[in-house]
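Protein chains get the first letters and strands the later ones, always in sequence-line order, with residue 1 at the start of each.
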Protein chains: 2
Amino acid sequence: MNGEGPGEAGAAEADAEPNGAVGARPASPSPPPDVSAAGRRGRRPGSGDTRGRVLDSARAIFAERGFDGTTIRDVAGRAEVDPALVHHYFGTKQRLFVAAMEFPIEIRTVMPAIAAGSPDQIGDRIIAAFVGLWDRPEVRPTLLGVARSATTDPVAAAMFRGVLVDGPLQAIAGLLGTPDAAMRATLVGSQLIGLAMARYVAELEPIASMRADELAPLIGPTLTRYLLGDLGAQPGSSGFPGSAPNGPVR
Amino acid sequence: MNGEGPGEAGAAEADAEPNGAVGARPASPSPPPDVSAAGRRGRRPGSGDTRGRVLDSARAIFAERGFDGTTIRDVAGRAEVDPALVHHYFGTKQRLFVAAMEFPIEIRTVMPAIAAGSPDQIGDRIIAAFVGLWDRPEVRPTLLGVARSATTDPVAAAMFRGVLVDGPLQAIAGLLGTPDAAMRATLVGSQLIGLAMARYVAELEPIASMRADELAPLIGPTLTRYLLGDLGAQPGSSGFPGSAPNGPVR
DNA sequence: GTCAGAATTCATCATGCGTTGAATTCTACG
DNA sequence: CGTAGAATTCAACGCATGATGAATTCTGAC
């Protein structure tokens, strides 16, 4: 229910030569006159989807520097727009953050692909979906921005938790009918958070450069065990589903 | 290098009542001189280890709000000291951060306890040591401060990587003579980062409240497999070092 | 007892921030 | 055409921040 911009119209032509005499209203103390034609006030013609440009700019800078490190002036500058316009559209910096980080895809969309298939490879599918999501160029800035801000900003922290733990994973764990769903989901979340931080935020090599299909067999089994394994097994036994004496699956 | 002033840096807490009412910042043009001796200039007698108090204050606030969210005035206020004194001792905010986050223990101290014992439980021992470290009250603020700042500040990011991956884990992986030491160390690092973020930064339940000896059998096997397992195994097999080549559950 | 130097505070500075209000120009609708 | 309203900018406010430099007071060595 995103009310989208105020009537975005595509039509853009209107050369409109600068005719407005810049009559300085009050006797300004000493403003450098700067009589270039580009610096005039008022609506600029045909600039297209400005609001969207501001959002893109905000996403990029939030992703790079996190909430605290981002200034509205920088966002405006990158969008080639006056800072006041950012406030005009979004009100406050927090609201700009929320608007820019609104999740671009429906998380539940990927759930069926994860649930389908043999249970003992569910971890691999989660990793594939997770990495595939982060690697989509229109999604990455959003997730990076949230991740970079989550250690400081409570709003971002709530988003982070929502995307990584509360939402899909609780559902998955509950769906599979294992007990301790919350604990298992949190364990999965911890490995996913760590993967995201190591690969995308800290960019640790070599896992920052590996492909999704290389990572899945490495980390997938961890998630599978967290979700389905016999976690009560004594140390020394692997605790893997199938290697435990009793098969808890299904 | 580090001239280190009044010696020891122990002093776990000392904890005055929260939010000491030491306002003393009235911008009123005619400040009532408050004839008590509190408001005078110059050296104050017998105040003891002031530099240490500033460091403790900085650690606490960095831990709570990260580098960006911490102001020198807040640090000074909590230490009941003038902000200029903080600069007098540490020069710049970055140097204060480095001084406050200087690691309070020798990481190599815990290495023997990890290396000793049967290899197939090395992961459990790493978790026990890791959680034990974080749970020590004089260490936690340091690690929290670094973790909270690492997503934004490059200096903190380097510290974080140093503590979690570069230093001990490379050593461990190399020591054990497995190939792909860097990759294995990074995998271990990813799980440790995730555990730290989930348990200490995001405080996700229930793993935020579990004891070290409860967490070790849950997460330890993951690390053991990352360090020693047959990671080239096809998905479906557990890839565990001790687990026999038995097929998946059917 | 003197005096150098350390410890501590005060008073500011310059900057950058988020935010606001009003002015101006363009567009769409009647 | 006229006009209401949206889009955009200008100018500035108020405040918090990191940082400085000088002033003051205490301490310790001689």
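- Per the geometry, NZ belonging to A/K93 stands 16 Å off P belonging to D/dA16, to the nearest Å.
- Between the CZ atom of A/R53 and the C1' atom of D/dA7 there is a distance of 12 Å, given to the nearest Å.
- Rounded to whole Å, the distance from CD on B/E80 to P on C/dT9 is 10 Å.
- Residue pairs meeting the salt bridge (charged side-chain N to carboxylate O under 4.0 Å, His left out) criterion with at least one partner in residues 128-151 of chain A, sequence neighbours excluded, are A/D135-A/R140, A/D135-A/R199, A/R136-A/E138.
- As a whole-Å value, the separation of A/D49 CG from D/dT8 C1' is 15 Å.
- Atom-to-atom, NE2 of A/H88 to C1' of D/dC10 comes out at 15 Å; the value is rounded to the nearest Å.
- The side chain of B/H87 approaches D/dG18 more closely than any other nucleotide in the set C/dC17, C/dG21, D/dG18.
- For B/T50, a side-chain nitrogen or oxygen approaches OP1 or OP2 of C/dT8 to under 4.0 Å.
- Look at A/T92 and you'll find a side-chain N or O under 4.0 angstrom from OP1 or OP2 of C/dT19.
- In this structure, the CD1 atom of A/I72 is 22 Å from the P atom of C/dT15, given to the nearest Å.
- For the pair B/I61 CD1 and D/dG18 C1', the computed distance is 15 Å after rounding to whole Å.
- Nearest nucleotide to the side chain of B/A84, out of C/dG18, D/dT17, D/dT20: D/dT20.
- Relative orientation of the A/F97 and A/F67 rings is perpendicular, given thresholds of 30° and 60° on the angle between their planes.
- In this entry the distance linking CG of B/L96 with C1' of D/dT17 reads 15 Å, nearest Å.
- Close to C/dT8, at under 4.0 Å from its OP1 or OP2, lies a side-chain N or O of B/Y89.
- Partners of A/D56 under the salt bridge (Lys or Arg N to Asp or Glu O under 4.0 Å) rule, at least two apart in sequence or in another chain, are A/R59.
- Base contact: B/L85 has a heavy atom under 4.0 Å from a base atom.
- For the pair B/F130 and B/L195, the minimum side-chain heavy-atom distance is below 4.5 Å.
- In plain terms, the two heavy atoms of A/I193 and B/A198 that are nearest each other are CD1-CB, 4.5 Å.
- Toward the 5′ end of DNA chain D lies the nearest nucleotide of A/P83, the other residue of the pair B/D74 and A/P83 mapping further downstream.
- Take the nearest nucleotide of DNA chain D for A/D82 and for A/R73: the residue whose nucleotide is more 5' is A/D82.
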